[in-house]
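Reminder, nothing fancy here: chain letters follow the sequence lines and each chain counts from 1.
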2 protein chains.
Amino acid sequence: MTDLLPPIQTTARDDAVLKALAGFVRQEALGPGEKLPTERILAERLKVSRNTVREALTRWEGLGLVERRQGSGTYLKAAVSPDMLHMPLTLAGGNDFAGLMATLEIRRALESEAAALCAIRAGEAELAEIERKLDLMEEAFQTRAGMSSDEDWEFHQAVFRASGNPLFEQIIAAMYEMFHRFWEHPLGVRDFGHASFPYHRTIFNRIAARDPDGARAEALKLIATVEDDLKRGAANLKLSDRR
Amino acid sequence: MTDLLPPIQTTARDDAVLKALAGFVRQEALGPGEKLPTERILAERLKVSRNTVREALTRWEGLGLVERRQGSGTYLKAAVSPDMLHMPLTLAGGNDFAGLMATLEIRRALESEAAALCAIRAGEAELAEIERKLDLMEEAFQTRAGMSSDEDWEFHQAVFRASGNPLFEQIIAAMYEMFHRFWEHPLGVRDFGHASFPYHRTIFNRIAARDPDGARAEALKLIATVEDDLKRGAANLKLSDRR
DNA sequence: TGCAGAAATTGGTTGGACCATTGAACCACT
DNA sequence: AGTGGTTCAATGGTCCAACCAATTTCTGCA
């Protein structure tokens, strides 16, 4: 199956290995979840050392393109194409308040634009899906008497997906880890995110009414309430002087 | 909900190496440009194989934190702290028209928000810097009778930088490569980007007037002109049936 | 047939060797 | 003194061969 892995000859080995591998993945039409050749096999076919193969794979692993499972193999985690765009974002001091506010500003930018696009482009099916997530969220809100981060997240994801631009979801998903970290430890603010609840419904209403500017405005309001909560949380932290 | 239970890592040498290195960098107060210990020394001090050190450094290199120069050493490229947030983002797709439009929508989201933040937060020094870039751009426009992508880019970069949020610049910088690719081959549209020229000045004016909403609106207009140019270009392509 | 244990597979790590590039020290010639 | 080339040690890049650890697959017994 692996006869189309030509030997490497130029220097810049590891880069060449990645290029060859990308070509291989495309030729074999490998998708996410599928297993790719063994390190030893790659080394042999490409006529490079296994160490070089490992460095190349380490790069891809760092980019989240690939997952290695000891004893099992190396698996594709995302679609891979020769002309991919890599953007390693690094935010210093990930745990502090400023870092979270920074990501929140990105989220405000993307969320408002996505809501606007959604109002223009979402089809009936997407609209129904968003409303379904909204219902689930509201139900969880009633049952547990508070915001549920999971259902909340799914609602926003549905909006991003219906925007018709996959980049929105990809970027936000990459930053989700940071949001989530704080959602679980709401800085001592009781009912964190509570204030943002009603805006989910209003955002949906503006989208369903095909009103881009209204949707954008409601999204901005929602993020504003989250920002307020965070600022209150930061104030609390300062007062109680935790850590 | 079970995100708080990360899988235990029986083996995580390279990760431990990175943690140790991050601690070392902090303790020694190393900044960008400075040289860090050689691989051999690190291997000896940390009691791990040099290969393991190399894998760890390969990760950092992939994140753009470090630069390796053969025969010279390994140098810090960015500030490094033990609790950094990394968001490796790889965006699929690229060369086709739809991909470019998708990135442009991201740019619209970020550019408008950055302009608004800039109007709120930019200090006098940043404001002066933006105006300087603007003057350079307008001069280039007069001299060469057309848009100059380099000066144009520097203007936008200055705005992003003055937004006070490093993520804006990082995300856009990563996508710049994609914009640039098309700038160089303007799809057969003569005077590509020409229409966007006046909005640079109006954006600056709104920022200088501390008018966030105005700045946001002008930024939206600028992107809209670029989108129009692209659509015209795509239509041209279709007519002449290139490739 | 079912399942526990052995064997093969595969990524992770090690140590040692050599190559290619860099940069500084050195030297000869002008 | 200065210029240009040479030497040489330091450093990252690659390779090899072995072994470790986790996983999967096979095997043989109950």
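- Under the 3.5 Å distance criterion, with hydrogens and angles disregarded, a donor-acceptor pair is assigned to the side chains of Arg68(B) and Thr58(B).
- Residues of residues 58-66 of chain B having a heavy atom closer than 4.0 Å to DNA chain D: none are found.
- In the interface, the side chain of Asn51(A) is not paired with the base of dG13(D) through any donor and acceptor atom under 3.5 Å apart.
- One interatomic measurement links the two molecules: CD of Glu55(B) to C1' of dT13(C), which rounds to 9 Å at whole-angstrom precision.
- Of the possible polar contacts, none joining the Thr38(A) side chain to the Arg40(A) backbone as a donor-acceptor pair under 3.5 Å is found.
- Electrostatic pairing of Glu129(B) and Arg161(B) does not count as a salt bridge here, judged by no charged N lying under 4.0 Å from a carboxylate O.
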Give me the distances for all protein-to-nucleotides 4-11 of chain C N/O pairs that come in under 3.5 Å?
{"unit_1": "dT10(C)", "atom_1": "O2", "unit_2": "Gly71(A)", "atom_2": "N", "d": "3.2"}
{"unit_1": "dG11(C)", "atom_1": "OP1", "unit_2": "Thr74(A)", "atom_2": "N", "d": "3.4"}
{"unit_1": "dG11(C)", "atom_1": "OP1", "unit_2": "Thr74(A)", "atom_2": "OG1", "d": "3.3"}
{"unit_1": "dG11(C)", "atom_1": "OP2", "unit_2": "Glu39(A)", "atom_2": "N", "d": "3.1"}
{"unit_1": "dG11(C)", "atom_1": "N7", "unit_2": "Arg40(A)", "atom_2": "NH1", "d": "2.9"}
{"unit_1": "dG11(C)", "atom_1": "O6", "unit_2": "Arg40(A)", "atom_2": "NH2", "d": "3.0"}
{"unit_1": "dG11(C)", "atom_1": "N2", "unit_2": "Gln70(A)", "atom_2": "OE1", "d": "2.8"}

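- Look at CD on Glu44(B): it is 15 Å from C1' on dG16(C), rounded to the nearest Å.
- The shortest side-chain heavy-atom distance between Glu111(B) and Phe168(B) does not fall under the 4.5 Å cut-off.
- At least one side-chain heavy atom of Leu30(A) sits less than 4.5 Å from a side-chain heavy atom of Phe24(A).
- At a threshold of 4.5 Å between non-hydrogen side-chain atoms, the residues Trp60(B) and Val80(B) count as touching.
- Over its length, the helix from dT1(C)-dA30(D) to dT30(C)-dA1(D) turns its helix axis by 10°, as judged from the five terminal pairs at each end, rounded to 10°.
- Exactly one residue among Ile130(A), Leu222(A), Ile172(A) makes a side chain to side chain contact (heavy atoms under 4.5 Å, CB included) with His156(A). That residue is Leu222(A).
- Per the geometry, OH belonging to Tyr75(B) stands 12 Å off C1' belonging to dT21(C), to the nearest Å.
- Salt bridge annotation for Arg121(B)-Glu126(B): absent, with no cationic side-chain nitrogen under 4.0 angstrom from a carboxylate oxygen.
- The salt bridge (charged side-chain N to carboxylate O under 4.0 Å, His left out) test with Lys133(B) singles out one residue from Glu138(B), Glu151(B), Glu154(B), Glu139(B), and that residue is Glu154(B).
- The shortest distance between the side-chain N/O atoms of Thr52(A) and the OP1/OP2 oxygens of dG13(D) is not below 4.0 Å.
- Between the side chain of Lys35(B) and the main chain of Leu76(B), no donor-acceptor pair closer than 3.5 Å is present.
- Using a cut-off of 4.0 Å between Lys/Arg side-chain N and Asp/Glu carboxylate O, Arg69(B) and Glu67(B) are scored as salt-bridged.
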